[in-house]
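Being a predicted model, the structure only gives us computed values, none of them experimental. In listed order, ligands and their atoms are each counted from 1.
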Amino acid sequence: MNDKRFIANRELITDDGDISLRPTTFDDYIGQDKVKANLKVYVAASKARGEALDHVLLYGPPGLGKTTLAHIIASELGVEIKVTSGPGIERAANLASLLTNMQERDVLFLDEIHRLNHSIEEVLYPAMEDFALDISTGKGAGATSLRLNLNKFTLIGATTRAGMLTGPLRDRFGVICRLEPYTAEDLVRIVKRSARLLKISIADDAALELASRSRGTPRIANRLLKRVRDFAQVYNDGIISLSITVKALNDMEIDPLGLDYNDIKLLSALVEKFDGGPTGLDTLAAAINEDAGTIEDVIEPYLIQLGFIARTPRGRIALKAAFKHLGVAPSSKAAEQLSFFGADGKNE
Ligand code: ADE
């Protein structure tokens, strides 16, 4: 991330000379259409008024472009962006120093905001609401507090876990956007755009195969594109055909829907060990020896998008498509549950 510089065509060059695949304008940014359309309106309106954009919270699974969007918002607003993260701020004074250095209408991007220490979080409340820092000096009866005014800025918070934000913090965001896993069509467009930037030629059917195995996530699609390019270089004179793409992905143990070892482990536990559920998150986490937060944030969103599992008030359940994908016939109890919950996991 450090020492990036803009070059004429607005793409970024990073330290290692690799061209960043991140889009830098709303028009370059593919997918998340609703979020993008709304953000465009808010950016245009605040710009026209000459005011700072209201604070923005971006949430959703990792790899969907929260950081990218934050940079795009700042660039479209024509302001500077300062980047930090919840775990990166160790003391209230670090945050205070960042905030006092913000220029009028600048953006502060705070990644993993749910990991901000609660005592530090309190510094944010007056900063977000009144653009002020409350500084207390002295102790006991002689303690006084003074208020320091800040320039009006925009906080962009990003999190994979909106549910972990405290109410007071969440309430101070005027714009809250949820990013969803991408469709295969959007990922095809992203793969083709990245291939163009990397000067790689890729066949249409190969791009679709790669997109379909990327778990709805551009970060994964771009990583797989680079690995498939390696296979193509070694085995196929650099030509990314469908067959070399299938070979590369199979050799990397990524299944036709993009499920990897961890996804299959979770699905198998739910389908086989727990007979399709319902199974509580913590029970499932213990069974597969995985952190409950990782299951919720990283593994489940794509399985839910595929219609393989659903979250119900009584726990996680496996849906018909999951049994089919694993080639397991549901027990009579599981079959009863499957007819009670429809393909989308809703009570029919
Ligand atoms: N590269 C990574 N994410 C992207 C997106 N949403 N649009 C275009 N290119 C991308």
Side-chain angles (χ1 to χ4, degrees), residues 1-2 4-43 56-77 81 83 107 109 111-112 156-160 175-204 206-230 240 245 249 254 258 297-298 301-302 305:
M1 281 291 287
N2 48 356
K4 283 180 180 169
R5 61 196 160 87
F6 278 94
I7 55 170
N9 68 359
R10 298 187 52 133
E11 298 305 338
L12 290 166
I13 288 200
T14 49
D15 270 353
D16 57 3
D18 198 9
I19 295 177
S20 166
L21 301 176
R22 286 191 174 163
T24 52
T25 63
F26 279 131
D27 288 340
D28 270 353
Y29 188 94
I30 295 161
Q32 309 294 346
D33 293 345
K34 278 190 200 146
V35 164
K36 197 170 74 168
N38 288 342
L39 283 174
K40 268 185 168 177
V41 172
Y42 310 142
V43 164
V56 179
L57 180 67
L58 303 172
Y59 75 99
L64 297 193
K66 297 186 284 293
T67 303
T68 305
L69 264 182
H71 279 87
I72 292 176
I73 291 170
S75 149
E76 299 269 359
L77 284 168
I81 180 168
V83 177
V107 166
F109 178 58
D111 201 5
E112 295 192 77
I156 304 185
T159 180
T160 49
V175 177
I176 299 184
C177 301
R178 181 169 118 182
L179 304 192
E180 303 280 353
Y182 289 64
T183 60
E185 297 85 75
D186 283 341
L187 285 176
V188 165
R189 292 171 58 208
I190 290 174
V191 165
K192 288 188 171 172
R193 174 182 178 276
S194 301
R196 203 173 58 243
L197 293 174
L198 294 168
K199 302 198 170 25
I200 304 173
S201 79
I202 181 166
D204 286 354
L208 179 59
E209 187 66 28
L210 209 159
S212 314
R213 297 204 201 191
S214 299
R215 301 173 50 89
T217 309
R219 184 184 292 161
I220 298 179
N222 285 334
R223 194 185 66 211
L224 293 180
L225 175 65
K226 290 181 182 171
R227 296 294 72 77
V228 170
R229 170 176 63 171
D230 293 342
I240 306 187
T245 302
L249 295 167
I254 294 161
D297 301 343
V298 182
Y302 183 57
Q305 193 203 10

Taking only heavy atoms of N222, which atoms of ligand 1 are found under 4.0 Å from at least one of them? 1 (N), 2 (C)

Tell me the protein heavy atom at minimum distance from atom 6 (N) of ligand 1, and give that distance in Å. I30 O, 2.9 Å

Counting each atom of ligand 1 from 1 as listed, which ones have a heavy atom of Y182 under 4.0 Å away? 6 (N)

Could you tell me whether D28 approaches ligand 1 through its side chain, its backbone, both or neither, with non-hydrogen atoms closer than 4.0 Å? backbone

Looking only at non-hydrogen atoms, find the nearest pair between S214 and I220 and report the distance. O-CB, 3.7 Å

Answer with yes or no whether I190 contacts ligand 1, where contact means a heavy atom under 4.0 Å from a ligand atom. yes

Student check: side-chain heavy atoms of K66 and T160 closer than 4.5 Å: yes

Taking distance alone, with N or O pairs closer than 3.5 Å, would you say R193 contacts ligand 1? yes

Atoms of ligand 1 under 4.0 Å from any heavy atom of P218, numbered from 1 in the order shown, are 2 (C), 3 (N)

Do E185 and R189 sit within salt-bridge range, that is, some charged N less than 4.0 Å from a carboxylate O? no

Residue from I30, T24, T25 passing side chain to side chain contact (heavy atoms under 4.5 Å, CB included) with D27: T25

Is any side-chain heavy atom of I202 closer than 4.5 Å to a side-chain heavy atom of L225? yes

Say whether P23 and ligand 1 are in contact under the criterion: heavy-atom distance to a ligand atom below 4.0 Å. yes

of all protein heavy atoms, closest to atom 1 (N) of ligand 1 is L21 O, 3.4 Å

With V228 as reference, evaluate I240, I200, V191 under the side chain to side chain contact (heavy atoms under 4.5 Å, CB included) test and give the passing residue. I240

K192 with D204: basic N within carboxylate O range, under 4.0 Å: yes

Where's the contact between R219 and ligand 1, heavy-atom distance under 4.0 Å: side chain, backbone, both or neither? neither

